[in-house]
Enquirer: 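Just passing along the structure, written as structure tokens.
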Amino acid sequence: MASTTQVLLPGDTIPTSALPTPNNPKKPLTLGPGLRHIPPSTIVASIAGSLSTDNKKNAAWVEYNSGRYTPSANDLVIATILTSTADTFNCTLTPHTPTTSLPHLSFENATRKTRPQLPPHSLVYARIVSAPRDSPVELTCVDPSTGKSEGLGPLKGGMLFPVSLGMARRLLAGKKGGVMVLEGLAEKMGFEVAVGRNGVVWVDGGSVKNTLGIGRALQEVDREGLGERGQRKVVERVLRGL
Amino acid sequence: MAPEVLLSPLHRADGSATYTQNGYSIIGAVNGPIEVLRKDELPSEATLEVHVRPAVGVGSPKERHLETLLTSTLRSIILTHHLPRTLIQLTLQVRSIPAEDAICGVSAYLTLLPHLINTSLLSLLSSSIPLRTTVTAALVVSPTSSPTMPLVMPTAQEILRAGRIKHAHVFAFDGERKMVVCESEGSFTFEEWEEAWEVAEDVCCRDGGVGLGEAMQVDGQSENLEGWLREVVRRKVEGEQRWKSGT
């Protein structure tokens, strides 16, 4: 992180000096969420947050952590099944938004004869195939190139815990995200976790007590914005309580 | 003088803000983009719904009028074309207004409007809905006793003490110093109106021609609303990123 964070308000023009300087000058500039391009060469912020840049990918985006989840392609999400039609499931990612479709055949080993039976309100860990602006979002649970599930599919048991969108991003970012509470807990107990970019974490710790302990620890780390030492304390407290 | 703000106090709304200034206290909440009713759906842009709820009693034509003004203003601020066929719902609940508001001699809708505009912008910022620019609003009141010295963002008591009011205006400016709202009442000449406009512009917008880098330094002690807005956003960013420096 730079020593001074550049705070952006909607409508602020990004000066050329703040844009990333690519190592490979031929690489086109990529604009992430919160930035828009006004031809010929003006880059304007549309969301309040801090400017982040990546020189390697020649990318710039606005870092923010509030608001509603907006689907984008290749995001991993936890969807809730609402209804099942002839060949798709209708799922929701966030409340009060149009449903997304998950074809019956986009599960591992699914054929016309052996399609998965998922009742309403069951959870699915899925990847967003496409999120066009003008048509419904489509989900899948298989990798199209291999036909394998790669960890995606129905989530059985466990509980859902809402977290902030930024926390979900951090959890999926691995080391860069700076969340070590799960690694710390995993040293002493076994559990399964699935992180959805739509701001939910699914936890199955074997028993309700363990599941709640893990989920609450994640939510506390998110709410308090804890660093490494604070997270270690949370881990100790959770392990002591078991 | 700068308004007190708390961003995202409501955890079930997508974005929210509480705003307190001069005894006017308002809570704003934004939900969106969400599914829109078929009859309100616009094929190529987002529908905006604004609800203003008074501190006491149920809504009246005054609130409906404020809603109309806010809807048309915010439509030009939000990038509605980025969210087609969705609904953005903004609810503004007035929590309290000063007791002198009803008798100070300026229409109640004029004294409330700038606070509503500022609150709705803060709620929209908190909900991370893409915006074209920011908007800040201020009230300017000219009493008959001292027509050369307009009162800017006065408290209701100050208006009451100033005696008879000759004219009052509400101006709102976007981030490029363009006027987006102008509501006036009373009798005034064009010169008087222009003077009020200039005074309001000074309060709302930061000094002209300031680049992004320089604007960073004015936050904190700045007098204008734009600088205040930057400070609010800086605190929001700090809160979101404290895990990076936290222990």
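Keep in mind that the numbers below use all heavy atoms, side chains included, and drop hydrogens, waters and symmetry copies. Below, chains carry the letters A, B, ... as their sequence lines are ordered, and counting in each starts from 1.
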Enquirer: Is it the side chain or the backbone of H81(B) that comes within 4.5 Å of chain A heavy atoms, both, or neither?
Expert: backbone

Enquirer: Which atom pair, heavy atoms only, marks the closest approach of S50(A) to Q241(B)?
Expert: OG-NE2, 2.9 Å

Enquirer: If we define contacts as heavy-atom pairs under 4.5 Å, which of G175(B), G239(B), S126(B), P43(B) has the most with chain A?
Expert: S126(B)

Enquirer: Taking the side chain from R68(A) and the backbone from I129(B), do they hold a donor-acceptor pair closer than 3.5 Å?
Expert: no

Enquirer: If I measure from the heavy atoms of chain A, does R85(B) come under 4.5 Å with its side chain, its backbone, both, or neither?
Expert: side chain

Enquirer: Atom CZ of R223(A) and atom NE2 of H11(B): how far apart are they, to the nearest 0.5 Å?
Expert: 10.5 Å

Enquirer: Tell me which one of T134(B), D174(B), L124(B), L79(B) satisfies side chain to side chain contact (heavy atoms under 4.5 Å, CB included) with P10(A).
Expert: T134(B)

Enquirer: Should we count CH2 of W193(B) as having more than 12 external heavy atoms under 6.0 Å?
Expert: yes

Enquirer: Where do E240(B) and Y64(A) come nearest, in terms of heavy atoms and distance?
Expert: OE1-CA, 3.7 Å

Enquirer: What is the minimum heavy-atom distance between G49(A) and V233(B), and which atoms define it?
Expert: N-CG1, 4.3 Å

Enquirer: In residues 127-134 of chain A, which residues are in contact with chain B at a heavy-atom separation under 4.5 Å?
Expert: R133(A), D134(A)

Enquirer: Can you tell me how far the CD1 atom of I38(A) sits from the CZ atom of R132(B), to the nearest 0.5 Å?
Expert: 9.0 Å

Enquirer: Residues of residues 28-41 of chain B under 4.5 Å from chain A (heavy atom pairs)?
Expert: N31(B), G32(B), P33(B), I34(B), E35(B)

Enquirer: With respect to chain A, which residue among T86(B), L7(B), T133(B), L131(B) yields the maximal number of heavy-atom pairs within a distance under 4.5 Å?
Expert: L131(B)

Enquirer: Return the option, out of H96(A), R170(A), K233(A), R36(A), with the maximum number of heavy-atom pairs under 4.5 Å with chain B.
Expert: R170(A)

Enquirer: Give the member of S16(B), S127(B), S8(B), S44(B) that has the highest number of heavy-atom pairs under 4.5 Å with chain A.
Expert: S127(B)

Enquirer: Are S128(B) and S66(A) linked by a side-chain donor-acceptor pair shorter than 3.5 Å?
Expert: yes

Enquirer: If you draw a 6.0 Å radius around CZ in R95(B), do more than 12 non-hydrogen atoms from other residues or ligands fall strictly inside?
Expert: no

Enquirer: Please indicate whether R53(B) has more than 12 foreign heavy atoms, meaning atoms of other residues, nucleotides or ligands, lying under 6.0 Å from its CZ.
Expert: no

Enquirer: Consider side chain to side chain contact (heavy atoms under 4.5 Å, CB included). Of L8(A), L9(A), V7(A), which one does R230(B) pass it with?
Expert: L9(A)

